[in-house]
Amino acid sequence: MAAPTSDADWSRVRLHVVTGKGGTGKSTVAASLALGLASQGQQVLLCEVEGRQGIARMFDVDPLPYAERRIATGLRHNGTPPGVVHALHIDPESALLEYLSMYYKLGRAGRALDRFGVIEFATTIAPGVRDVLLTGKVFEAVRRNSRNKGAISYDAVVLDAPPTGRITRFLNVNDELAGLAKVGPIRSQADTVMTLFRSPRTVVHLVTVLEEMPVQETADGIAELTRAGLPVGAVIVNLVRPRDISPADLEAARDGTLDASRVATDLEEAGVDVADGLVDGLLAEAHDHAERRALEDAQRAVVAQLGRPTYELPRLAGGVDLGGLYELAADLKKQGLA
Amino acid sequence: MSTQQKRSRPRFGPLATSPGPVPDLDVDALLDDRGTGIIVCCGSGGVGKTTTSAALALRAAERGRKVVVLTIDPARRLAQSMGIERLDNTPRPVDGLRTNAKGNRQGGGLDAMMLDMKRTFDEVVESQATPEKAKQILENPFYIALSSSFAGTQEYMAMEKLGQIHADAQADGSYDLIVVDTPPSRSALDFLDAPERLSSFLDGRFIRLLLAPAKGPARMMSAGFGLITGALNKVLGAQVLRDMQTFVAAFDTLFGGFRQRAQKTFELLQADGTAFLVVAAPEPDALREAAYFVERLGEDRMPLAGLIVNRASPIPQGTLSADEAMAASARLRKREPGSLTAGLLRLHADQTRMVEREALLRERFAAAHPEVPTAVVPALAGDVHDLAGLRRIGQLLAGA
Ligand SMILES: Nc1ncnc2c1ncn2[C@@H]1O[C@H](COP(=O)(O)OP(=O)(O)OP(=O)(O)O)[C@@H](O)[C@H]1O
Ligand SMILES: Nc1ncnc2c1ncn2[C@@H]1O[C@H](COP(=O)(O)OP(=O)(O)O)[C@@H](O)[C@H]1O
Ligand SMILES: [Mg+2]
Ligand SMILES: [Mg+2]
């Protein structure tokens, strides 16, 4: 696909956060990016935090526990041995229990917390606590320290993150906590996490499709992330329609002036039976396609104005299975994101 | 897919694409039935719930019903064209409805509003508590979190607003049909679960402990409680626990009222005058959510009117298979790289593949839920952002 290329260099990034409007393909892009990075020989951890088991579905494995599981291997590339993708499903309850046991010797109190519904309370309502826990675990995976003995260390962590509307708040745990935990260990942990998130080691990629609402949301998301001092990465345009019809033909298709007899002749020469209203059908499809393409091109221009490195992924007509993920991964690699 | 199946697939019209003997959803009969008082559009995010609710509401109004549509998150241009881009939490009349040949709409009309979740919550608090108490609640950080970001508050407030509008409409006859859009949650079930989740949360063990630590049933409890507060203070700092306690104490007296009203709205949803429409995109996740939802409605004895499969790929004309089209496209491209016809064949191949895949997904849904009346709405080439677009979706919904 003739996608915009970019010479941005992502090789120093340790944490790729993938956000976007709901349903635009965050999970798909995060998984492909993880595979793409593994194809360069990197050891990659793919995390999800929304409790949906999307990774398990995409890779066709059993639901993931709160533990790192090996799920795929990258493609061999230029003789370099491929890296491995591990996956982790982070839920706030497990993260809190792990956190407490790692940093506090709470003993009986730790168990009481669960028994009295405090864990549930803390992870559902206490403002910001949930996000502190989820981001805290991601942070731990990026910056493995001596407290987590025997853990695998990764070259890159890819996070299938909450959608654009919630991403700034999610990553900006510090601000969220400001009105709440003004002191104490949770607060100082949040500060350390923020340092990583605001560093060039982290990037937030935004996935969009070429429609008005998602592109608008992407623009708003970039502005909001920027205001919060969080590093915006690439814009990944997903579900892009084929672009192999020339602009002049597209215009003619929209106006209904495509040359039907030329199409019919071509079809006959290619050995296709043109009975059955095929030519009319193709021209009708061309008309709808051209109209959609015009909308897409208008939105593509808006995306270009966002001033971020942009990558494009095709709409796979057969849907995305594991093979499709590798296909998208190869595409991201070719374009230089992975 | 075998040729036989392919040939038996009718080629035109959205309803003609139903696989097998799935009953068609008769949208106009539903809208025209004066017994239909509430239509709820459910489904997972991004499938077209907002668009569908607005399109149904417009169609009903133009067919003579007095309609109000409660939308949650319309696209900006859609909101503008309906005159509701200002969030003021009250229904506003929509201009530009089409009159029939006789120059009237048989008394039909359409109001629309966009839900402001926080404001709805604040208003409930204000209407239930004394001014000082309300102020105390509204400023509490736990209330702010609950009313602006607790998963489920938006659903809860949509129900609350539905209850209010319904009560008002009963009192003054302002509307005879309420169409409800639901929040863009990841699961359609959230709409039904949210009120329960919120109340069980507010009824939870920990909250009860916070309310009456001294009155615990046994010494064990208070010993445990001391441990917990100690641990929480250690992790979060003491202020947090104090805020929490203030919030819970202040909220407790209000909560009975909340719960009662949620219960009433739930009963309203079970009543005969309510019709649930499940909206799904022809994608695995969306259809799986739709299936869960259909099952759940059955368990809760809530009236399901049907499934709407939105943004379906339009059925291509002709019987040329995807593989044949791709092969012919490659042949033409070898001869002439920029060949228009090659491009057209490639589009046709993609389209055919998508249609086949979607048909398979729908067949799977229908195999598990053969009784659910279904309407299929094709993806329009353009966005749906004005009344004309909504009218078009309405026609497609009705198979007209
Ligand atoms: N490039 C693509 N080609 C074809 N289908 C795609 C592509 N990208 C995503 N999809 C499909 O679109 C649907 C939504 O994708 P995905 O689940 O990745 O989105 P998401 O942004 O993670 O959604 P959510 O907000 O629900 O988490 C899936 O069925 C996926 O297979
Ligand atoms: N049948 C359709 N054809 C074309 N575009 C559609 C169709 N249905 C919805 N859309 C578009 O899809 C986008 C998302 O729809 P929306 O109704 O806001 O979804 P939801 O409320 O379920 O999140 C909107 O831009 C809308 O215009
Ligand atoms: Mg996802
Ligand atoms: Mg919506």
Open item on the list: Quick one: does any side-chain atom of Arg357(B) pair with a main-chain N or O of Gly318(A) as donor and acceptor, under 3.5 Å?
Closed with: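 Between the backbone of Gly318(A) and the side chain of Arg357(B) there is a qualifying donor-acceptor contact (under 3.5 Å).
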
Task: Under 3.5 Å: donor-acceptor pair, side chain of Arg353(B), backbone of Ala317(A) - done: no

Is any NZ, NE, NH1 or NH2 atom of the basic residue among [X] and [Y] found under 4.0 Å from an Asp or Glu carboxylate oxygen of the other?
X         : Y         : result
Arg76(B)  : Glu212(A) : no
Asp350(B) : Arg241(A) : no
Arg311(B) : Glu211(A) : yes
Arg292(A) : Asp383(B) : yes

Calculate, to the nearest 0.5 Å, the distance between atoms [atom1] and [atom2] belonging to [X] and [Y] respectively.
X         : Y         : atom1 : atom2 : value
Thr50(B)  : Met213(A) : OG1   : CE    : 7.0 Å
His289(A) : Leu347(B) : NE2   : CG    : 4.5 Å
Asp288(A) : Leu380(B) : CG    : CG    : 8.5 Å
Leu283(A) : Gln317(B) : CG    : CD    : 9.5 Å
Ser339(B) : Glu269(A) : OG    : CD    : 10.0 Å

Task: For chain A, the option from Glu358(B), Arg333(B), His385(B) that forms the most heavy-atom pairs under 4.5 Å - done: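 Looking at each option in turn, the highest pair count goes to Arg333(B).
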
Task: Which of His348(B), Gln351(B), Arg331(B) touches chain A most, by non-hydrogen pairs under 4.5 Å - done: His348(B)

Contact leader toward chain B among [options], where contacts are heavy-atom pairs under 4.5 Å:
options                                   : result
Leu316(A), Leu295(A), Asp259(A)           : Leu295(A)
Pro163(A), Gly281(A), Ala284(A)           : Gly281(A)
Ala275(A), Ala270(A), Gly54(A), Ala253(A) : Ala270(A)
Asp280(A), Leu282(A), Thr265(A)           : Leu282(A)

Task: Other residues, nucleotides, ligands: >12 heavy atoms within 6.0 Å of Glu251(A) CD - done: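 Count not over threshold, so no.
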
TODO: Kindly check if the number of other-residue, nucleotide or ligand heavy atoms within 6.0 Å of CG (Asp60(A)) is above 12?
DONE: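 Result for CG/Asp60(A): open.
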
Segment of [X] engaging chain B (4.5 angstrom heavy-atom cut-off):
X         : value
Arg57(A)  : side chain
Gln216(A) : side chain
Val272(A) : side chain
Arg52(A)  : side chain

Open item on the list: Among Thr341(B), Leu340(B), Leu344(B), which residue satisfies the side chain to side chain contact (heavy atoms under 4.5 Å, CB included) criterion with Asp249(A)?
Closed with: Leu340(B)

Open item on the list: For Asp266(A) and Arg335(B): C-alpha separation, side-chain torsions, deciding distance, then whether salt bridge (Lys or Arg N to Asp or Glu O under 4.0 Å) applies.
Closed with: CA-CA 10 Å; Asp266(A) 281 350; Arg335(B) 219 183 48 192; 3.5 Å; yes

Task: Residue pair Gly343(B) / Asp244(A): nearest heavy atoms and the distance that separates them - done: CA-OD1, 4.2 Å

